[in-house]
Amino acid sequence: MTVTTRKLSNGTEIPMFGLGVWQVDDGAQTERAVTWALEAGYRLIDTAQAYGNEASVGKAIRESGVPREEIFLTTKFYPGGKDARVEAEKSLERLGTEYLDLYLIHWPQGGPTWAWPGMEAAVEAGLTKGIGISNFGADEIQELSKVANIQPAVNQIQFSPFEYRAGLVAAGEEAGVVSQAYSPLGTGRHLDGPALARIAEATGHTPAQVLIRWAIQKGLSVIPKSVHQDRIVENFNVFDFELDDAAVADLDALDTTHQTADALSSSGKWWS
Ligand SMILES: NC(=O)c1ccc[n+]([C@@H]2O[C@H](COP(=O)([O-])OP(=O)(O)OC[C@H]3O[C@@H](n4cnc5c(N)ncnc54)[C@H](OP(=O)(O)O)[C@@H]3O)[C@@H](O)[C@H]2O)c1
């Protein structure tokens, strides 16, 4: 199984698929999940300062035998902190690695621009290859783009057929920002339902695989989370089939955001 990639504005290639480790306990649970994922062929791991499990992610990567340069490692600046560059150094220490592939502002707390000079300083200091954002809306991307010396490479957003933020993805593309899909399975809530069950049966795949495949076909890098080895393997097996136009249209019709440009992951700005 070969994971496809997309080129980012900083010149690096982001895998279209990876493992997310939100709500995975630091220690054995994170180490096992990351180990199983790398064994299955995953080459992108998504963690965050707020997840509290960077040390275990780093340990599993180091012990995997997979060369560091083959892995695309993302962490996120917790915007309750003050200086994104200083916090990147601390992340690298916890991760036990020399550099990040991608460093994101986790959410635009306090506005979309104040943390960016620290993010740029992290690139200049060689702490990370790329920088980006998460949970930014279309207007916040624009506001940041106007003042940035280094443009954001990625906006990580909640994205699934049920939260199909086509307007936001398009706004990103226009600004050279690749969207990445978080909570592609709705944190486990989107796996039931008749339309999805019908498409899963017709394609001979599982509901989770259909949701992941849909996001990949929309051009987004996708980062489902699981702590179970069988599901980690199942979620990876999405590069051997394609959803046809009718299936994609049926999934598109599940949208509850009505293609809004709103990138919030719940109603209201949950971080303010
Ligand atoms: N930037 C942000 O603000 C933000 C916000 C949310 C998430 N994220 C990132 O995106 C990642 C994924 O999002 P998420 O954690 O919200 O959830 P998700 O990937 O949408 O769904 C994960 C849930 O689905 C279950 N699951 C996974 N694969 C399955 C399968 N094949 N069959 C049945 N159930 C399955 C998991 O259970 P088990 O683990 O028990 O298998 C877990 O409960 C996060 O881990 C994080 O890295 C970022």
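Order of appearance sets the numbers: ligands from 1, and atoms from 1 within every ligand.
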When you check the side-chain N and O atoms of S160 and E163, is any donor under 3.5 Å from an acceptor? yes
Donor-acceptor side-chain pairing of Q158 and S183 below 3.5 angstrom: no
Below 4.0 angstrom, N of the basic side chain to O of the carboxylate: do R68 and D101 qualify? yes
Do NZ/NE/NH1/NH2 and the carboxylate oxygens of K90 and E87 come within less than 4.0 Å? yes
Any ion pair linking R6 and E173 (charged N to carboxylate O, less than 4.0 Å)? yes
Would you mind listing which atoms of ligand 1 come within a distance below 4.0 Å of any non-hydrogen atom of H106? 1 (N), 2 (C), 3 (O)
Answer yes if the side chains of Y103 and Q49 hold a donor-acceptor pair under 3.5 Å, and no otherwise. yes
Heavy-atom contacts under 4.0 Å between E234 and ligand 1: side chain, backbone, both, or neither? side chain
Charged N to carboxylate O under 4.0 angstrom, D46 versus K76? yes
Heavy atom to atom 10 (O) of ligand 1, shortest distance: which of Y182, W22, Y51 holds it? Y182
Counting only heavy atoms, which portion of P184 has something under 4.0 Å from ligand 1: side chain, backbone, both, or neither? both
Indicate, as side chain, backbone, both or neither, the part of V24 found under 4.0 angstrom from ligand 1 when only non-hydrogen atoms are considered. neither
Using a plain distance cutoff, I'd like to know if K76 has any nitrogen or oxygen under 3.5 Å from a nitrogen or oxygen of ligand 1. no
Could you list the atoms of ligand 1 found under 4.0 angstrom from a heavy atom of V227? 38 (P), 39 (O), 40 (O), 41 (O)
For ligand 1, is W107 a contact, meaning one of its heavy atoms is under 4.0 Å away? no
Take a 6.0 Å sphere around CG of D245 and say whether it holds more than 12 heavy atoms from other residues, nucleotides or ligands. no
Would you mind listing which atoms of ligand 1 come within a distance below 4.0 Å of any non-hydrogen atom of P224? 19 (O)
Is the shortest heavy-atom distance from the side chain of L211 to the side chain of P184 under 4.5 Å? no
When you measure from atom 36 (C) of ligand 1 to each heavy atom in K225, H190, Q180, which option holds the nearest one? K225
Let's go through E54 and T47 carefully: what are the C-alpha distance in whole Å and the side-chain angles of both, what is the deciding distance for side-chain hydrogen bond (donor to acceptor under 3.5 Å, both in side chains) to 0.1 Å, and is it a yes or a no? CA-CA 7 Å; E54 290 175 312; T47 183; 5.3 Å; no
Here the gap from L8 atom CG to E13 atom CD, rounded to the nearest 0.5 Å, amounts to 7.5 Å
Taking only heavy atoms of Q156 into account, list the atoms of ligand 1 that are under 4.0 Å away from them. 1 (N), 2 (C), 4 (C), 8 (N), 9 (C), 48 (C)
How does L191 reach ligand 1, if at all, at less than 4.0 Å between non-hydrogen atoms: by side chain, backbone, both, or neither? side chain
With heavy-atom distances below 4.0 Å as the criterion, list the atoms of ligand 1 near H228. 38 (P), 40 (O), 41 (O)
Can you tell which part of V21 has a heavy atom less than 4.0 Å from ligand 1: side chain, backbone, both or neither? backbone
Could you see which bit of S134 sits under 4.0 Å from ligand 1, with heavy atoms only: side chain, backbone, both or neither? side chain
So, N135 versus Y182: side-chain donor-acceptor pair below 3.5 Å or not? yes
So is Q23 close enough to ligand 1, meaning a heavy atom under 4.0 angstrom away? no
So the atoms of ligand 1 within less than 4.0 Å of a heavy atom of I223 turn out to be 9 (C), 10 (O), 11 (C), 12 (C)
Could you list the atoms of ligand 1 found under 4.0 angstrom from a heavy atom of A208? 30 (C), 31 (N)
Backbone, side chain, both or neither: what part of S226 comes under 4.0 angstrom of ligand 1, heavy atoms only? both
